[in-house]
Amino acid sequence: MKMKIIINRLLILVVMGLQGNIKAQNKEIKIWESGVPNTIDAVDYKEIHDIKLDRISKVTQPTLTVFKPKNPNGTSIVIFPGGGYAFLAISKAGYKVAEWLNSLGITAFVLKYRLPSDAIMEDKSIGPLQDAQEAIRYIRRHAEEWNLDADKIGVIGFSAGGHLAATLSTRFDDEVYKVSDNTSAKPDFSMLIYPVISMIDDITHKGSRNKLLGKSPTEETKIKFSTEKQVSTKTPPTFLAHAIDDKGVVVENSLQYLLALKQNQIPAELHVYQNGGHGFGLGKVETSDTWTIQCEAWLRLNTFIKQ
């Protein structure tokens with residue numbers, strides 16, 4: 001028992017050390033320069049960082065953590081970690097993904113976005129989308145000083161983070177806060193990994209829907225936040241990856257989004273794996289461990305990175 005406690009403490013120290021190195025090497029930026037919109041003051045509502053479980057919750061100050069590659073190619077990607085809109089799996093679906101993207105020469109930004117909460121938001125359903133829109137606008141405004149191509153800013157989202165990435169990709173023009181200029185919030189491409197897509201009863205992830213929309217959303221609200229219903233000819237090219245044995249977020253989410261993209265003639269690619277379950281991150285030692293290779297090939301095919 002004592003040995004188990006010692007091992008757990010050592011593990012926590014190692015994780016803290018790794019995350020300390022990440023923060024030391026990569027800059028964390030507040031995205032809202034003139035105050036966070038849609039807020040309610042809640043003195044007792046404080047951010048929680050559970051290092052052992054790799055979770056951040058109760059976010060009040062959205063930030064971008066910048067990961068710069070050794071040989072940047074001008075392409076950048078904003079990462080939306082998942083967590084059912086209840087927490088952010090900030091390392092597994094954030095920092096580790098950024099390091100993979102850096103290996104491709106891509107400048108990566110991990111977005112620590114606000115999670116839907118009636119305690120701190122006037123309208124919790126739009127809080128995450130506000131942060132996602134402003135993250136893209138912030139990067140696009142500063143693209144020149146970071147030597148980034150303003151026309152090659154993509155997004156990648158995992159699980160509920162995939163829902164946020166898909167929402168941004170279909171509702172980038174929605175006026176969910178007052179914008180001071182005409183900078184576009186549209187991603188140039190999106191990558192959705194085991195994403196929550198639909199809010200419709202038979203295929204939605206009810207935990208994510210409950211957090212975002214409450215337990216009794218109207219049919220109109222369900223449709224508005226079902227991203228497969230919001231795809232248009234303006235939706236950016238999309239890469240999707242999902243496991244057919246995913247019991248948390250069923251594969252029909254990605255299938256429905258793919259069909260909507262096809263109907264609107266949007267370039268798209270979907271990889272469905274026999275094994276992997278939910279939350280496989282960069283891949284498990286099963287069929288799902290090849291998605292990053294296939295994603296890199298898709299990025300090259302569409303010239304988001306060089307051939």
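Bear in mind the structure is a predicted one, so any value in this text is a computation, not a measurement. The chain is numbered in sequence order, starting from 1.
Looking at heavy atoms from C-beta onward, Phe109 lies out of side-chain contact with Leu111 at the 4.5 angstrom threshold. The shortest side-chain heavy-atom distance between Thr292 and Glu296 does not fall under the 4.5 Å cut-off. Taking the side chain as every heavy atom from C-beta outward, Gln256 and Ser198 never approach each other to under 4.5 Å. Taking the side chain as every heavy atom from C-beta outward, Met199 and Ser226 approach each other to under 4.5 Å. Counting heavy atoms from C-beta outward, Pro187 and Leu168 have side chains that approach closer than 4.5 Å. Taking the side chain as every heavy atom from C-beta outward, Ile153 and Leu148 never approach each other to under 4.5 Å. Residues Trp32 and Thr39 are not in side-chain contact: their nearest non-hydrogen atoms beyond the backbone lie 4.5 Å or more apart. Asp289 is not listed as a side-chain neighbour of Tyr273, based on a closest heavy-atom distance of 4.5 Å or more.
Annotation: Lys222, atom NZ; neighbour count of heavy atoms from other residues, nucleotides and ligands within 6.0 Å is above 12. Atom CD of Glu144 has 12 or fewer neighbouring heavy atoms from other residues, nucleotides or ligands inside a 6.0 Å radius. For Asp201, the CG atom is densely surrounded, since the number of other residues' heavy atoms within 6.0 Å is greater than 12. By the 6.0 Å contact criterion, CG on Leu259 is enclosed, its count of non-hydrogen atoms from other residues, nucleotides or ligands being greater than 12. Residue Gln263 places its CD atom among 12 or fewer non-hydrogen atoms of other residues, nucleotides or ligands, all under 6.0 Å distant. Heavy-atom neighbours of Lys68 NZ from other residues, nucleotides or ligands within 6.0 Å: at or below the threshold of 12. The neighbour count for Asn71 CG, taken as heavy atoms of other residues, nucleotides or ligands under 6.0 Å away, does not exceed 12.
Under 4.0 Å is where a charged nitrogen must lie from a carboxylate oxygen, and between Asp44 and Lys58 no such pair does. For the pair Arg141 and Glu134, the salt-bridge criterion is met [side-chain N within less than 4.0 Å of a carboxylate O]. A salt bridge does not link Lys224 to Glu220: none of the charged nitrogens lies less than 4.0 Å from a carboxylate oxygen.
A distance below 6.0 Å separates the ring centres of Phe239 and His271.
Once rounded to the nearest 0.5 Å, the distance linking CG of Leu282 with CZ of Phe158 reads 6.0 Å. Atom CD1 of Ile203 sits about 9.5 Å away from atom OG of Ser254, to the nearest 0.5 Å. Atom CD of residue Gln61 and atom CD1 of residue Ile31 lie 8.5 Å apart, to the nearest 0.5 angstrom. The distance from the CG atom of Leu270 to the NZ atom of Lys262 is 13.5 Å, given to the nearest 0.5 Å. In this structure, CD1 in Ile266 is found 6.5 Å from OG in Ser232, a value given to the nearest 0.5 Å. Going from atom CD1 of Ile305 over to atom CG of Leu299 covers 5.0 Å, rounded to the nearest 0.5 Å.
Judged by distance alone, the side chain of His278 and the main-chain N or O of Ser159 form no donor-acceptor pair under 3.5 Å. With hydrogens and angles disregarded, a donor-acceptor distance shorter than 3.5 Å links the side chain of Arg140 to the backbone of Lys186. Side-chain atoms of Asp188 do not come within 3.5 Å of backbone N or O of Gly154 as any donor-acceptor pair. Ser180 places no side-chain N or O within donor-acceptor distance of the main-chain N or O of Lys178, the cut-off being under 3.5 Å. The backbone N or O of Ile223 lies less than 3.5 Å from a partner atom in the side chain of Gln230, making a donor-acceptor pair. No donor-acceptor pair under 3.5 Å is formed between the side chain of Asn38 and the backbone N or O of Tyr177. In terms of modelled atom types and a separation under 3.5 Å, the side chain of Tyr113 and the main chain of Pro81 share a donor-acceptor contact. Looking only at distances, no side-chain donor or acceptor of Trp298 sits under 3.5 Å from a matching main-chain atom of Ala268. Remark: side-chain polar atoms of Asn253 are not paired, donor with acceptor, to backbone N or O of Val196 under 3.5 angstrom. Side chain of Thr204 to main chain of Ile200: no donor-acceptor pair is present (N/O by atom type, distance under 3.5 Å, no hydrogens or angles).
Note on Ile48 and Ile120: separate hydrophobic clusters, where clusters join Ile, Leu, Val, Met, Phe, Trp and Tyr whose side-chain heavy atoms are under 4.5 Å apart, directly or indirectly. Residue Leu261 is not grouped with residue Leu301 when hydrophobic side chains (ILVMFWY) are merged at heavy-atom distances under 4.5 angstrom, including chains of intermediate members. In the hydrophobic clustering of ILVMFWY residues, with side-chain heavy atoms under 4.5 Å counting as a link, Ile244 and Ile193 come out apart. Hydrophobic clustering, with ILVMFWY side chains joined whenever heavy atoms are under 4.5 angstrom apart, keeps Tyr257 apart from Leu164. Connection of Tyr95 to Ile77 is established within a shared hydrophobic cluster, with ILVMFWY side chains joined at heavy-atom distances below 4.5 Å, either directly or through further cluster members.
Every residue meeting the salt bridge (charged side-chain N to carboxylate O under 4.0 Å, His left out) condition with Asp118, not counting sequence neighbours, appears here in chain and number order: Lys124. For Arg114, the salt bridge (charged side-chain N to carboxylate O under 4.0 Å, His left out) test picks out Asp131, with sequence neighbours left out.
In plain terms, the two heavy atoms of Ile40 and Met121 that are nearest each other are CD1-O, 3.4 Å. Of all the heavy atoms in Arg171 and Phe225, the pair that sits closest is NH1-CE2, 3.3 Å. A pairwise comparison of heavy atoms in Ser169 and Val155 identifies OG-CG2, 4.1 Å as the closest pair. The shortest non-hydrogen separation linking Ser91 to Asp54 is N-OD1, 2.8 Å. Nearest heavy-atom pair, Pro128 versus Leu212, reported as atom, atom and distance to 0.1 Å: CG-CD1, 4.3 Å. For the residue pair Lys152 and Thr303, the shortest heavy atom distance occurs at NZ-O, 2.9 Å.
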task = Any chance you could lay out the side-chain contact (heavy atoms from CB on, under 4.5 Å) test for Leu192 and Leu240, step after step, and finish with the verdict?
result = CA-CA 5 Å; Leu192 311 177; Leu240 299 109; 4.0 Å; yes
request  = Decide yes or no on side-chain contact (heavy atoms from CB on, under 4.5 Å) for Gln265 and Thr233, but give the supporting numbers first.
outcome  = CA-CA 7 Å; Gln265 300 183 320; Thr233 56; over 6 Å; no
message = Run the side-chain contact (heavy atoms from CB on, under 4.5 Å) test on Trp100 and Ile156 for me, step by step, so that the C-alpha distance in whole Å, both residues' side-chain angles and the decisive distance to 0.1 Å come before the verdict.
response = CA-CA 12 Å; Trp100 163 61; Ile156 184 169; 4.3 Å; yes
request  = Go through Asp202 and Glu252 one step at a time and tell me if the side-chain contact (heavy atoms from CB on, under 4.5 Å) criterion holds.
outcome  = CA-CA 10 Å; Asp202 56 346; Glu252 281 80 359; over 6 Å; no
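Donor-acceptor pairing under 3.5 Å is lacking for the side chains of Thr170 and Thr235. Side chains of Thr287 and Gln274: no donor on one and acceptor on the other come within 3.5 Å.
The cationic group of Arg137 does not satisfy the cation-pi geometry with Phe172, failing either the under 6.0 Å distance to the six-membered ring centre or the 45° limit from the ring axis.
Tyr138 and Trp146 have tilted rings, their planes meeting at an angle from 30° to 60° on a 0 to 90° scale.
Among the candidates Lys206, His205, Lys211, the single residue satisfying the side chain to side chain donor-acceptor pair (under 3.5 Å) test with Ser208 is His205.
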